[in-house]
Amino acid sequence: GGSLPGADPDGHGTKLASIAAGSEVESENFIGAAPEASIAFVKLKQAKPFIRQLQEIPQDSIAYQETDMMLAIRYLDLLAFEKNLPLIICIALGSNSGGHTGNTALGQYLDDFGNRAGRAVVVAAGNEGNKGHHFFGVVPKSPGYLDVELRVGEQEKGFQLNLWGNAPGMFAAEVTSPSGEQIPRIFPRILEQQRFDFVFESTILDVQYELSEIVSGDERLLMSFRNPTPGIWRLRIFSSGDLENSFHIWLPVTGFISDGTYFLRPDPDTTTTDPANSPRVLTVAGYEGSTESVWIDSSRGKTRSAYQKPDITAPAVNVSAVDRFGRSGSLTGTSAAAALTAGAAALLMEWGIVEGNDLYLYGEKVKAYFRRGARELPGFTEYPNPQVGYGALCVRESIPI
């Protein structure tokens with residue numbers, strides 16, 4: 001059809017739209033989840049260079065700003081209001097820089113948004129389950145510290161590492177480079193940035209503490225490594241107080257960091273990215289449709305505050321899609337699972353609001369319908385669980401007809 005402003009150079013958004021609401025293409029044996037739905041989309045602009053620099057995000061990666069996402073959702077909301085239509089928001093983006101409790105500005109905005117009649121938010125859980133980007137540790141009373149080993153790849157230009165301490169623990173860190181050079185223990189200082197230069201290496205380390213992070217109130221230690229020497233880095237994490245204090249560390253998501261950088265003893269749980277950790281959004285993990293088995297890269301719950309995520313799981317491997325040239329293709333990732341579920345949510349809204357069966361259908365109720373209709377997958381006895389939530393998406397069982 002006509003040309004629209006803002007092309008889709010990487011084609012991800014087009015594929016998602018086709019999975020959620022593509023029309024039938026008989027010759028290709030393709031049909032979207034909700035083929036009659038109206039599609040409204042917003043093309044996000046790329047994050048500003050200085051923000052990327054600040055967060056050590058590669059300039060050539062695909063990255064967006066939370067503020068732009070909030071504006072996009074507001075625009076779609078006003079559009080749906082004007083057209084008097086229910087609205088499903090599908091978000092297939094995720095970040096590891098939040099505290100994984102859903103308590104980010106965007107997360108709280110989405111929670112409020114999905115709390116209104118005719119609105120629901122579907123978010124991809126993330127593809128971080130098998131990437132080695134998350135570490136969970138408990139500091140034992142004796143010796144009072146725990147060592148974390150981090151392998152930094154040859155191609156790594158810089159990255160940020162986020163340590164979140166579960167209150168009331170107080171944490172300090174000591175950093176040793178691959179050549180054995182040690183930075184003395186870094187103690188918490190409120191909102192003060194400290195810079196450390198290594199004598200024998202070109203690495204610069206910036207450390208910032210937030211003793212009570214603005215939104216969540218937890219302790220956050222942010223370390224930015226610039227030009228890190230490749231090899232094994234050791235972080236020795238100390239905790240004060242006589243409790244056994246637990247902490248999480250996240251590296252940036254895939255795409256913001258080189259493949260060679262990961263924890264040597266990672267934890268695959270609590271890898272759901274933000275904003276998928278927000279309590280009221282419908283969070284979708286991914287499974288392998290052909291074998292009914294869990295897709296190994298799918299992010300896992302629960303959230304850092306032990307809230308149940310994901311809500312459900314949906315097919316995420318080689319899901320049929322149409323690319324931006326109109327050719328049939330496929331998409332792998334929890335993005336595809338979220339798009340399928342967003343299409344299903346549109347069908348549910350049609351049943352509820354357009355056909356008058358449940359006029360006040362909103363995010364939490366949409367979740368309830370899908371959780372109730374979810375079917376069991378082989379290999380799991382307990383539901384909900386951190387890998388598939390309440391089970392696999394089943395539209396037939398979820399929409400009362």
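The structure presented is a predicted model; accordingly, all values stated were derived computationally and were not measured.
A donor-acceptor contact shorter than 3.5 Å links the side chain of R151 to the backbone of G260. Within the 3.5 Å criterion, the main-chain N or O of G129 finds no donor-acceptor partner in the side chain of D297. No donor-acceptor pair under 3.5 Å is formed between the side chain of T334 and the backbone N or O of A337. The backbone N or O of A321 sits nowhere less than 3.5 Å from a side-chain atom of S330 that would complete a donor-acceptor pair. In terms of modelled atom types and a separation under 3.5 Å, the side chain of E382 and the main chain of P384 share no donor-acceptor contact. Between the E24 side chain and the F30 main chain, no donor and acceptor come within less than 3.5 Å of each other. Judged by distance alone, the side chain of Q308 and the main-chain N or O of N385 form a donor-acceptor pair under 3.5 Å. Side-chain atoms of D111 come within 3.5 Å of backbone atoms of R280 as a donor-acceptor pair (strictly under, hydrogens ignored). Looking at T270, its side chain never comes within 3.5 Å of a backbone N or O of R304 through a donor-acceptor pair. Of the possible donor and acceptor atoms, one in the side chain of Q46 sits under 3.5 Å from a partner among the backbone N and O of A63.
Distance CG/D197 to CD1/I183: 8.5 Å, rounded to 0.5 Å. If you take CZ on R265 and CD on E149, they are separated by 5.5 Å, rounding to the nearest 0.5 Å. The CG atom of N127 sits 6.0 Å away from atom OG of S335, with the distance rounded to the nearest 0.5 Å. Rounding to the nearest 0.5 angstrom, the gap separating the CG atom in D77 from the CD1 atom in I89 is 7.5 Å. Distance check: N162 CG to L221 CG gives 8.5 Å after rounding to the nearest 0.5 Å. To the nearest 0.5 Å, the span separating OG1 on T272 from NE2 on H134 amounts to 10.0 Å.
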### Task
For the pair L331 and I19, evaluate side chain to side chain contact (heavy atoms under 4.5 Å, CB included) and give the outcome as yes or no after the intermediate values.
CA-CA 9 Å; L331 184 63; I19 292 169; 4.0 Å; yes

### Task
Under the side chain to side chain contact (heavy atoms under 4.5 Å, CB included) rule, what do V388 and I312 come out as? Steps first, then yes or no, please.
CA-CA 6 Å; V388 303; I312 56 167; over 6 Å; no

### Task
Decide side chain to side chain donor-acceptor pair (under 3.5 Å) for Q194 and D206; before the verdict, give the C-alpha distance in whole Å, the side-chain angles of both, and the deciding distance to 0.1 Å.
CA-CA 6 Å; Q194 297 161 276; D206 284 322; over 6 Å; no

### Task
Under the side chain to side chain contact (heavy atoms under 4.5 Å, CB included) rule, what do N245 and V138 come out as? Steps first, then yes or no, please.
CA-CA 6 Å; N245 290 314; V138 179; over 6 Å; no

### Query
Does the pair S398 and R396 meet the rule for a side chain to side chain contact (heavy atoms under 4.5 Å, CB included), with working shown?
CA-CA 6 Å; S398 300; R396 197 174 52 238; over 6 Å; no

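What you find for A125 and A276 is that their closest heavy atoms are CA-CB, 4.0 Å. Residues V199 and E181 come closest through the heavy atom pair N-OE2, 2.6 Å. Of all the heavy atoms in Q387 and A285, the pair that sits closest is O-CB, 3.5 Å. Nearest heavy-atom pair across G389 and Y383 is O-CD2, 3.5 Å. A pairwise comparison of heavy atoms in Q160 and P252 identifies O-CD, 3.0 Å as the closest pair. Scanning both residues, F41 and L76, for their nearest heavy atoms gives N-CD2, 4.3 Å.
The existence of a salt bridge linking D311 and K309 is confirmed by a sub-4.0 Å separation between a basic side-chain nitrogen and an acidic carboxylate oxygen.
Within a 6.0 Å radius of NZ in K48, no more than 12 heavy atoms belonging to other residues, nucleotides or ligands are found. Counted within 6.0 Å of CZ on F196, heavy atoms from surrounding residues, nucleotides or ligands total more than 12; the atom is thus considered enclosed. Atom CZ of R375 sits in a crowded spot, with more than 12 heavy atoms from other residues, nucleotides or ligands closer than 6.0 Å. Atom CG of D259 has 12 or fewer neighbouring heavy atoms from other residues, nucleotides or ligands inside a 6.0 Å radius. The local environment of CZ in F380 is crowded, with over 12 non-hydrogen atoms from other residues, nucleotides or ligands closer than 6.0 Å. Other residues, nucleotides and ligands place more than 12 heavy atoms under 6.0 Å from the CD atom of E364. Atom CG of L79 has more than 12 heavy atoms from other residues, nucleotides or ligands within 6.0 Å.
Ring geometry for F198 versus W233: interplanar angle over 60°, hence perpendicular rather than tilted (30 to 60°).
Here the side chains of V123 and L282 are not in contact, with every heavy-atom distance at 4.5 Å or above. Between N277 and Y307 there is no side-chain heavy-atom pair separated by less than 4.5 Å. Between I73 and L110 the shortest side-chain heavy-atom distance falls below 4.5 Å. Side-chain contact between R220 and L163 is absent, with no heavy-atom pair separated by less than 4.5 Å. Proximity of I296 to E288: side-chain heavy atoms (C-beta onward) are nowhere separated by under 4.5 Å. Using a 4.5 Å heavy-atom threshold, the side chains of Y369 and L361 count as touching. L235 has its side chain out of reach of F135: every pair of non-hydrogen atoms, C-beta onward, lies at least 4.5 Å apart. For the pair V322 and R327, the minimum side-chain heavy-atom distance is 4.5 Å or more.
Shown here are the salt bridge (charged side-chain N to carboxylate O under 4.0 Å, His left out) partners of R52, two or more places apart in sequence or in another chain: there are none.
One side chain, T229 or T203, offers a donor N or O that lies under 3.5 Å from an acceptor on the other. For the residue pair T254/E128, the side-chain donor-acceptor check at 3.5 Å is satisfied. Between the side chains of S179 and E201, at least one donor N or O sits under 3.5 Å from an acceptor N or O.
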For residues 342-356, run the donor-acceptor check on the side chains, cut-off 3.5 Å, and write out each pair with its distance to 0.1 Å, sequence neighbours left out.
residue : atom : partner : partner atom : Å
W351    : NE1  : P400    : O            : 2.7

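R119 forms no cation-pi arrangement with Y362, by the criterion of a distance under 6.0 Å to the ring centre and an angle within 45° of the ring axis.
In this structure, the ring of F238 has its center less than 6.0 angstrom from the ring center of Y145. Here W250 and H100 bring their ring centres to under 6.0 angstrom of each other.
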